[in-house]
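To keep things clear, I will list the structure first and then write my remarks on it.
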Amino acid sequence: MNPKKLNDPVLDFAAGNAWVTEFLVLMGFQATAFDIHPNLDEIRGKRLASNPRLDEKRFLVVQGDGHDMPFKNSTFGSVLTFDSLHHMHDYDRVFREFYRVLQKSGRAIFVEPGARHSKS
């Protein structure tokens, strides 16, 4: 299987503790963990310290709000959001931001827990 089926670089949107970012970097991608919480630098440091196979140049972190992302247009080849889209309060704004930061041939990948997630 060719891991480059995703387009580089990859935005791990609402990355939380950045475990998906770590996985992407281990697969050889340039990955940016993006989250509203300000502790991403600390999380990155701990992940790099605990896993010597991680390439620190491929593991980036940026703090900000997903409704108004601090990235230039067409920055990312792929946007991945894992179990986090349901936390956004304005889907229209977030999807406009995804469209803006994705390259023309980019892909957006969404993994969500399901419609009844908040009640189960």
#### Entry: Intermediate values then yes/no, side chain to side chain contact (heavy atoms under 4.5 Å, CB included), Arg47 and Phe59
CA-CA 10 Å; Arg47 290 204 174 275; Phe59 193 136; 4.1 Å; yes
### Task
I would like to know whether Val111 and Thr81 meet side chain to side chain contact (heavy atoms under 4.5 Å, CB included); could you show each step before the answer?
CA-CA 6 Å; Val111 179; Thr81 173; over 6 Å; no
### Task
Mind running side chain to side chain contact (heavy atoms under 4.5 Å, CB included) on Gln30 and Leu60 for me, showing each step along the way?
CA-CA 8 Å; Gln30 172 86 26; Leu60 307 174; 2.9 Å; yes
### Query
What do the steps show when you test His37 against Asn39 for side-chain hydrogen bond (donor to acceptor under 3.5 Å, both in side chains), and what is the final call?
CA-CA 6 Å; His37 297 291; Asn39 64 338; 5.5 Å; no
### Task
Kindly determine whether Val20 and Leu80 satisfy side chain to side chain contact (heavy atoms under 4.5 Å, CB included), including the steps that lead there.
CA-CA 9 Å; Val20 172; Leu80 173 61; 3.4 Å; yes
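In the hydrophobic clustering of ILVMFWY residues, with side-chain heavy atoms under 4.5 Å counting as a link, Val62 and Val79 come out together. Taking hydrophobic clusters as Ile, Leu, Val, Met, Phe, Trp and Tyr residues chained together by side-chain heavy-atom distances below 4.5 Å, Leu54 does not share a cluster with Phe29. No path of Ile, Leu, Val, Met, Phe, Trp and Tyr side chains, each step under 4.5 Å between heavy atoms, connects Phe23 with Leu26, placing them in separate hydrophobic clusters. In the hydrophobic clustering of ILVMFWY residues, with side-chain heavy atoms under 4.5 Å counting as a link, Met69 and Leu102 come out together. There is no path of hydrophobic side-chain contacts, each under 4.5 Å, that joins Leu48 to Val10.
A salt bridge does not link Glu97 with Arg93: none of the charged nitrogens is closer than 4.0 Å to a carboxylate oxygen.
The ring of Phe95 has its center closer than 6.0 angstrom to the ring center of Phe110.
With a 4.5 Å cut-off on side-chain heavy atoms, Asp8 and Arg58 count as touching. Between Ile36 and Gln63 there is a side-chain heavy-atom pair separated by less than 4.5 Å. Side-chain contact between Thr21 and Thr32 is absent, with no heavy-atom pair separated by less than 4.5 Å.
Contact record, Pro70 with Phe34: CD-CE1, 3.5 Å, taken as the closest heavy-atom pair. Here the closest heavy-atom approach between residue Ala18 and residue Ile43 is recorded as CB-CG2, 3.9 Å. Across all their heavy atoms, Phe13 and Gly66 have their closest contact at CE1-CA, 3.5 Å. When all heavy atoms of Ala31 and Val25 are compared, the pair lying nearest together is CB-CG2, 3.9 Å. Listed here is the closest heavy atom pair of Ile109 and Ser78: CD1-CB, 4.5 Å.
Here the CG-NE2 distance, from Asp92 to His67, works out to 10.0 Å after rounding to the nearest 0.5 Å.
Between Trp19 and Phe82, the angle of the ring planes goes over 60°, which puts this pair in the perpendicular group of the 30/60° scheme. A perpendicular orientation is assigned to the rings of Phe71 and Phe76, their planes being inclined by more than 60° (bins at 30° and 60°).
Although no hydrogens or angles enter the test, the distance criterion places a donor-acceptor pair under 3.5 Å between the side chain of Asn7 and the main chain of Ser105.
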